[in-house]
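Below is one structure, written out as structure tokens; comments come after it.
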Amino acid sequence: MTDSRSRRLASVAVLGGGNMGSGIAQACAQAGLGVRVRDVDAAAIDRGRGLMEKMLAGAVERRKMSAAQRDAVLGRVTFSTDLDATVRGADLVIEAVFEDEAVKRELFEAIAPLVDPDAIVATNTSSLSVSRLAEGFPRPERFAGLHFFYPAAINKLVEVIAGRSTDPATLDALERLVYRLRKIPISTADAAGFCVNRFFVPYLNEAARLAEEGVANLATIEEVGRELFGATLGPFELMNVTGIPIAFHAETSLFHAFGPAYAPSKRLEEQFRAGRPWDWKSAEVDPGRKAAVRSRFLGLTIGIATRLVEEGVASPEATDRGAIVGLRRRWGPFAQLSEVGLSEGLGLAEAYARAWPGNFPVSAQLRERAARGERRWPLRLVRVEQDGPVAWVLLDRPEVLNSLNSELLGQLDATFRELEGAPGIRAVVLAGSSPVFAAGADIEEMRGKSHAEGVEFGFLGQRAAERIERFPAPVVALVEGYALGGGLEIALAADFILAAEGAVLGLPEVGLGIHPGMGGATRLTRLIGRARTKMLVFTGARVGAEEAYRLGFVARVVPAESARDEARTLAETIAANAPLAVRWVKQVIDRGADASTATALHLEAESAGHTFATSDRTEGMTAFHERRKPRFEGK
Ligand code: COA
């Protein structure tokens, strides 16, 4: 997500004030957006408003929100039956009427002449094809899918679905909107079940199937589901809470798309037709049957997840993120696959597939990786996006505010090492993939560390920081949201920090019983002196971007809205200058800071002298003479 040049979405129209529509409207209003909700008649509107008021009352009761905040949220939402007045002038229209293709298409045709030409229209669907729905809309490039998970006001996951003709700028704007709602987007292709439901709904069905086949009783299946996926609810309790009919209908639509392996089990259908909740509590867990249930659940989940990636529906990272954020599981399918090992995971998927000859293909990628002896499926926690001479290095664990675990720190080090050898990179922007830099080292991981592991962890962070500091070309850290603890320590290793308004920076480690160990205390001292560093570190104070600028460890504060554009412009400006001169002066400044003044001055003169031997010097001065822009080649 490096492109913020696309339109910012400020006013939202939501069509349909039912369970999903009212939840979506609430999430938007909570993020400060003005929302207009449209439903067909006064009764539907009363119901929608009632749903929202109930959700908000619950939030006030749980002290998640004050009464004043609740009133402010409600004050940002208006309800109406007037379609024209609702959608006209809105930057974004989210359709959330019930799951019926004909009804939705009719609605898109009706709003087509009313919406602004550059407004984005999104359908909230869990089962219909976004591309087919887009056919009813004259600007399919501005049309996409947004799949909010129930309850939409609370669940943090949103699948952002690209239709066949959706423009990348539309997806980018929607992704940014999702972050603004304090939710986590995952991108998926327009395939049945998108990403999460493709493996989640068959898991619910599999629970019923296992019972139907007599593999185990409900209590055992329920317990294995909870333990295996690290979830609070097992499959039967989940279905009771979210609705057995929903599970049945969702599985039926997967069956239509993918065939018999996805057929709803008879047991699920019976339960649905009887309208009864599952009763798993009246039986005893049978420990001897747990292994069989576990193998089936794993075979199914690994089999489907690896196919999702092979079919290009979602990345492995998005798939795991979907499970963790949307389903509140402790692990995603790919982490589980790595835990059991690729060879065993392949065996489990193949065993599952044997029951469905020709209908449950096993991922060729999984076979190849297992045949190569790979044990783990690699997950990228650091992404690189190259934009001409500028490389964006993006910390990518948005579900935990990019907190830095060992894996991420190792990948950060490896990323900068690889970039050292990459040709043509003249500047790097180090940022979060979401509008957050990093909320510290991973506290969950640190909790389990011994003394020796704590020392090793500090050095791991220091190696990554040093790699960034010594990177030959300039590295700009763009801090949006949070740069706390280890996050700030890593940012301080960049050549300078650009902070977005509203960003919060600090070294709060002493509040956790530890202190900075990745070089933050040392680097900050060299930057702003001992007294200011001590004030910050002893108090653990979290300061705003402006305060950090005044204290001297942020080089510039930029508006939050345009932070990425500012970082891009700055990096492009650096990249347009003579690359060797920039690299060498970086070394002069850094080495000079550690040397005596006399040595530093000598180093500076000598290094500057060397620039006279470069062809970039000839080009730069000739271009000045000829009144044109120089074209530097780094020679
Ligand atoms: N390590 C591990 N997980 C972290 C984390 C960290 N440093 N910082 C945030 N997270 C996780 C949260 O546990 C939460 O996970 P969950 O959704 O599974 O519960 C998720 O990231 C979102 O954070 P949350 O606290 O819900 O967001 P918020 O907007 O309410 O608060 C912060 C944001 C940054 C103020 C708060 O997360 C925080 O104080 N984090 C720790 C900061 C810190 O002490 N860092 C120094 C460590 S060296």
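Both counts, for ligands and for their atoms, begin at 1 and track the order of listing.
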For ligand 1, which atoms have a heavy atom of S403 less than 4.0 angstrom away? 1 (N), 2 (C), 3 (N), 5 (C), 6 (C), 7 (N)
Examine G485 against ligand 1 and note whether any of their N/O atoms are separated by less than 3.5 Å. no
Just to check, does R328 reach to within less than 4.0 Å of ligand 1 when the distance is taken from its heavy atoms? yes
Say whether, by atom type as modelled, one donor and one acceptor occur between the side chain of E445 and the main chain of S406 under 3.5 angstrom. yes
Heavy atom under 4.0 Å from ligand 1: found in L512's side chain, backbone, both, or neither? side chain
So, regarding E444 and ligand 1 (criterion: nitrogen or oxygen to nitrogen or oxygen, under 3.5 Å), is there a contact or not? no
Not counting sequence neighbours, list each pair that qualifies as a salt bridge (Lys or Arg N to Asp or Glu O under 4.0 Å) and has a residue in residues 533-551. E547-R550
Distance below 4.0 Å between atom 12 (C) of ligand 1 and any protein heavy atom? no
Atom 29 (O) of ligand 1: closest protein heavy atom, distance to 0.1 Å, is R182 NH2, 2.9 Å
Sub-4.0 Å protein heavy atom near atom 43 (C) of ligand 1: yes
Between E317 and L379 (side chain of the first, backbone of the second, donor and acceptor by atom type, cut-off under 3.5 Å), is there such a pair? no
With heavy-atom distances below 4.0 Å as the criterion, list the atoms of ligand 1 near E399. 20 (C), 21 (O)
Taking non-hydrogen atoms only, is E509 closer than 4.0 angstrom to ligand 1 via side chain, backbone, both or neither? side chain
Taking only non-hydrogen atoms of E445, do any sit less than 4.0 angstrom from ligand 1? no
Is there a donor-acceptor pair under 3.5 Å between the side chain of D91 and the backbone N or O of A10? yes
Residues E420, R470: salt bridge by 4.0 Å N-O rule: no
Can you name the side chain to side chain contact (heavy atoms under 4.5 Å, CB included) partners of I324, sequence neighbours left out? none
Do Q336 and T301 meet the criterion of a side-chain donor-acceptor pair at a distance under 3.5 Å? no
Would you please indicate if the ring centroids of W377 and F334 are separated by under 6.0 Å? yes
Verdict with supporting geometry, Y203 and F229, ring pair (Phe, Tyr, Trp, His ring centres under 6.0 Å): CA-CA 11 Å; Y203 154 71; F229 299 108; 5.0 Å; yes
Is there a polar contact, in the sense of an N or O pair closer than 3.5 Å, between I443 and ligand 1? yes
Could you tell me whether atom 25 (O) of ligand 1 has a protein heavy atom closer than 4.0 Å? no
For the 3.5 Å polar cut-off, considering only N or O atoms, please tell me whether P508 and ligand 1 meet it. no
Does this structure show an ion pair linking E223 with K290, if we count only N-O contacts that are shorter than 4.0 Å? yes
Among V504, L404, D442, L401, closest by any non-hydrogen atom to atom 37 (O) of ligand 1: L401
At under 4.0 Å between heavy atoms, which part of R330 makes contact with ligand 1: side chain, backbone, both or neither? neither
